[in-house]
*Asks:* 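Have a look at this one.
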Amino acid sequence: MGATTRPEAATAPKAPTAPGARKDAEAATAPAAATAAGAPTTPTAPTTPAAATAPGAAAARDLEAALASVRPGLLVAEDVQHADEHCLTVLRNLLREPPERFAAVLTYRPEDLSGSGLLLGRAVDYPARLSVTRCALEPLDERGVRALADEFLGVERCSVELVARLLRRSAGVPQVLVDLLCALRDAGPGRDRFTVRDVDAAGVPVRLAESVLGRTAALPEPHRPVVWAAAVLGRPSDARDLSAVAGLPEEAAREALVAALAASALQETDEGRYGFAVPLAASAVHRHLPGPVREQLHRRAAAVLTAREPVPWARVARHWRGCGRTEEWLRATERVADGEGGGTVTDDETAVALLEQALDEGGGPPRRRARLALALARGATLGLRTEETVRALRRIVADTSLPLPDRGEIRLELGLLLHNQKRRFTEGRDQVGCAVGELSERPVQATQAMAALANPFFPGASLAENRHWLRRAERTAAAAGDDTARTAAAAIRATLLVATGDPEGWELVERLPRDSPGPAGRQQVARALCNTASAAVHLGHHRRGAELLGEGLELAARSDAPFLERVGRGTALFRDWLTGSWAGLAERCTAVLAEDGTANEARVVLALLALARGEWHTAGDRLPPGGPPSFDGCEVPVATTAAGVHIRLLLAREDTGAAASAAASAWTWLGGKGVWAWGAEPAPWAVEALVRAGRRTEAGRLVAEFADGLDGCDAPAARAALLHCRAVLAEADGEPARALGHFRAAGAAYGLLAYPYARALTSEGAGRCAFAAGAPVEEAVAELTGCVERLSRLGASWDAARARATLRAHHPGAGRRPRGRPAYAERLSPREAEVAELAGRGLTNREIASTLHLSPRTVEHHVSRAMRKLGVGLRQELAGRVPRDDPGGAGPVPPG
């Protein structure tokens, strides 16, 4: 029988286990057992508590009576460590002579067992036919912590940093995690987002604190210092370090450690290393220590760590701070800023927190503050940083006592952090612009600032202004004669040219120095590869974009730039939308958004999916905040895509006036930027909105401006969209034959791009115009039938229903039930299925009527009959209840 001592993991978050404890389970199974350990109980296999509510002998009698009345196939006894001797005797007797076809599951916390370590108080003479095993439940991993955090706080209120801090503080112990989440939820009702500072402010859960403090207090007084030492060290340590920090002689320390382990005040977390299984337990003991005792322990810890090679300066600084030695603390912090002691400010949470604390409390003389701030700032734009980093950098750039070049470099990093990670474009751009004037003595950093201002993806500057900063960056880099500066200038030139569809850009991308000797140069190249990958996807070169993205992320990982992974995930989500890889796409978007609330690409893709399915309210809610045309926190191509969703939503609701105004506003905003290749997503809907509002002349000017902007531009997606725009104009002008040609040409262009959704929508237009132009009926029917099939496969249920309605309107026989076929009786008819699907997704009767070319009264009847046939009482309950296949043969109905 093997034994394990790993922390427990709860399988039912709503009924978590006790705090900070491990729960092991022993399963005893006789041959031919009918059930396995952990199976649900049934009336013939009852669950019997090991410790009944009545005390002592009465509890044992209850247990014996229960076992005598029904010989169980499965016995589950929870928390056996609390059972008294009478109950243990009953369990030992049962397991010594178990009935046939019997299984038992006994759960317990090994740290709460008696000193013998035996589950039932003494060894059991198990019969040979009984199979006995022991297992330990694992702690929750990051995915499990994420699931619980989402349940308690809400998906979009939990960042990846928050989940990481919860996991680190709780060690994945379910009860500790649940207590932390309850504290966060109760302290922050209505809060948009929780931060790591909120986790730290939540403190130690009461149950965990009382448990660990009670175990410590139960130790004899001479043994307690070893527990105190473990709390001050803050991480598992060997016996020698615990002895030195506790100030105990070796033999006394060994005796104290054995006693602490026996009482479960400490645990052996790894071979030869002892500490607390849950970091928050250490915090509880640390906070409870009297000040003078705590300071003495920190002094000893600093002395122990300083004697190592290399010295872990971040940990040493923490201990000097803990004993009030400010000067030593700041000197050790300077060592951290200089990169001594291993690790980097990019990925070392302890080092980041240390620098932020030092800056928050003054940081000493100006030159020292500058060094500390530069260390924090240089890692800020490459790591994943919190609001605390932003606040620390803001304070430091406001300090006019700092040397101007240092302040300029810190300001540059602050601006890039705000711009790239926090999506506060206006403030970020202002900070970077100010930094240019402060960096005249540092041409490498000045070049990087100018390159950031030349990036065309970000709003707030026209393409002409971006090109102006590009020229300045190139001149400054040339004068500097520095490889990093030249690489920064080359990287932004390649990015700008590819983003604007200049064919020369691809050659520049290939020439970027992937093997640049310095990390700063590699980081510039990695950033350029990720940006050009995004540009390629928006242009329509999604295969090339995937290659660049893979290369960029690999280089980013080698260059210590983890935040670039977020850029890549947004690009991949949009590519999947365009190319019809919709299976699981909504779930992937939700996961990305849960980790990063600023991931607006994920928001927009979710809105696109919801619109295609007819979930109009969800689509509107999913759009990024701030509203059209710019949408706060969105890069320009993401904002233009969101604008297209917004316009199309208004068109679907037949609010043509608002749709036309939104179209004109979005197009004017895009014109202010001047990158016409990014008009591919909104342009067809903007043209449709204008012509439906009677603004044909304005629509014509939009198409002409779009065509002029694409002259000489390598942007296949935008060129396909231009054909789509011309088709919409021709149809509005009453020229269905010409419109049919444009729709088919657009569909062929989208087909070459492997964009199935866009191709299906142009096929819908082609089928409609084929009927109007008098083309052969079979051609028109084929266009619309193919369109319905493609949309249904994608799961675009609203679009598919609309296309089927168009087919029926022009060719009534397409949806008619064959003669002689039985009536539908209690099955849904094709029309009822379509109406029920859309009603379940939240559309009103009037909106459904508009989509399906029916009267609202007819829709009302269909909804009523569908609800009766499916046995639901509310419209919302229709979602997901519609059968997958339309029983009337009019085409498949997508699943909910």
Side-chain angles (χ1 to χ4, degrees), residues 159 161-162 165 191-201 321 330 333-334 336-337 344-346 348-440 442 445-446 448-450 452-453 455 458-461 561 563 566 596-598 625-626 632-633:
S159 66
E161 295 93 348
L162 182 84
R165 183 63 62 92
R191 183 173 298 181
D192 291 336
R193 203 156 183 81
F194 290 93
T195 69
V196 295
R197 178 169 285 188
D198 296 325
V199 177
D200 295 341
R321 186 171 188 265
L330 291 175
T333 305
E334 283 189 275
V336 175
T344 67
V345 177
T346 302
D348 188 333
E349 182 181 329
T350 302
V352 170
L354 184 66
L355 292 171
E356 289 173 352
Q357 289 168 353
L359 292 169
D360 193 45
E361 298 185 20
R367 188 158 296 280
R368 173 184 282 165
R369 292 201 306 277
R371 289 179 65 195
L372 300 181
L374 277 173
L376 180 62
R378 285 167 178 161
T381 54
L382 299 173
L384 304 176
R385 289 295 174 258
T386 65
E387 282 301 310
E388 285 69 38
T389 306
V390 173
R391 282 192 282 268
L393 295 180
R394 277 203 189 106
R395 284 192 297 271
I396 206 71
V397 297
D399 185 355
T400 57
S401 67
L402 295 180
L404 187 64
D406 290 344
R407 199 160 74 244
E409 187 172 345
I410 297 164
R411 192 187 302 280
L412 168 61
E413 302 296 351
L414 170 60
L416 293 176
L417 173 60
L418 290 167
H419 216 275
N420 298 343
Q421 289 192 47
K422 300 302 180 182
R423 296 298 191 257
R424 298 173 197 164
F425 296 129
T426 300
E427 183 185 359
R429 190 173 187 83
D430 288 346
Q431 293 284 3
V432 175
C434 290
V436 171
E438 297 171 336
L439 290 169
S440 58
R442 297 184 182 175
Q445 287 75 22
Q448 293 172 347
M450 296 170 191
L453 295 170
N455 192 323
F458 301 117
F563 101 91
R566 292 186 178 180
D596 177 13
T598 67
D632 294 346

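Counting begins at 1 with the first residue of the sequence.
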*Asks:* If every non-hydrogen atom of Leu439 is compared with every non-hydrogen atom of Ala446, which pair is closest and at what distance?
*Replies:*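 Taking Leu439 first and Ala446 second, the nearest heavy atoms are O-CB, 3.7 Å.
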*Asks:* Taking all atoms of both residues into account, what is the closest heavy-atom pair of Leu402 and Arg407, and its distance?
*Replies:*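 Of all heavy-atom pairs spanning Leu402 and Arg407, the closest is O-NH1, 3.1 Å.
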*Asks:* For the atom pair CZ (Arg394) and CD1 (Ile410), what is the distance rounded to the nearest 0.5 Å?
*Replies:*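 Nearest 0.5 Å value for the CZ-CD1 distance: 15.0 Å.
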*Asks:* Any side-chain to backbone donor/acceptor pair from Asp198 onto Thr195? Under 3.5 Å, distance only.
*Replies:*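 Yes: the side chain of Asp198 pairs with the backbone of Thr195.
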*Asks:* Identify, with sequence neighbours excluded, every residue that meets side-chain hydrogen bond (donor to acceptor under 3.5 Å, both in side chains) alongside Arg411.
*Replies:*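 Partners of Arg411 under the side-chain hydrogen bond (donor to acceptor under 3.5 Å, both in side chains) test: Gln431, Glu438.
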*Asks:* For the atom pair OG1 (Thr426) and NE2 (His419), what is the distance rounded to the nearest 0.5 Å?
*Replies:*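 Interatomic distance, Thr426 OG1 to His419 NE2, rounded to 0.5 Å: 8.0 Å.
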*Asks:* List in chain and number order the residues that pass side-chain hydrogen bond (donor to acceptor under 3.5 Å, both in side chains) with Asp200, two or more places apart in sequence or in another chain; answer none if no residue qualifies.
*Replies:*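 Asp200 satisfies side-chain hydrogen bond (donor to acceptor under 3.5 Å, both in side chains) with Arg165 only.
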*Asks:* Of all heavy-atom pairs between Leu418 and Val390, which one has the smallest distance, and what is that distance?
*Replies:*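 The pair with the smallest heavy-atom distance is CD2-CG1, 4.0 Å.
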*Asks:* Mind running side chain to side chain contact (heavy atoms under 4.5 Å, CB included) on Asp406 and Arg442 for me, showing each step along the way?
*Replies:* CA-CA 9 Å; Asp406 290 344; Arg442 297 184 182 175; 2.4 Å; yes
*Asks:* Show the nearest heavy-atom pair for residues Ala435 and Leu412, with the distance to one decimal.
*Replies:*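 That would be CB-N, 3.7 Å.
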*Asks:* Considering all heavy atoms of both residues, which atom of Gly633 and which atom of Phe425 are nearest to each other, and what is their separation?
*Replies:*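 For Gly633 versus Phe425, the nearest heavy atoms are C-CE1, 3.4 Å.
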*Asks:* Got a second to check how far Leu414's CG is from Asp430's CG, nearest 0.5 Å?
*Replies:*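 The CG atom of Asp430 is 11.0 Å from CG of Leu414, to the nearest 0.5 Å.
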*Asks:* Taking all heavy atoms of Val432 and all of Ala449, pick out the closest pair and write down the distance.
*Replies:*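 Taking every non-hydrogen atom into account, CG1-O, 3.4 Å.
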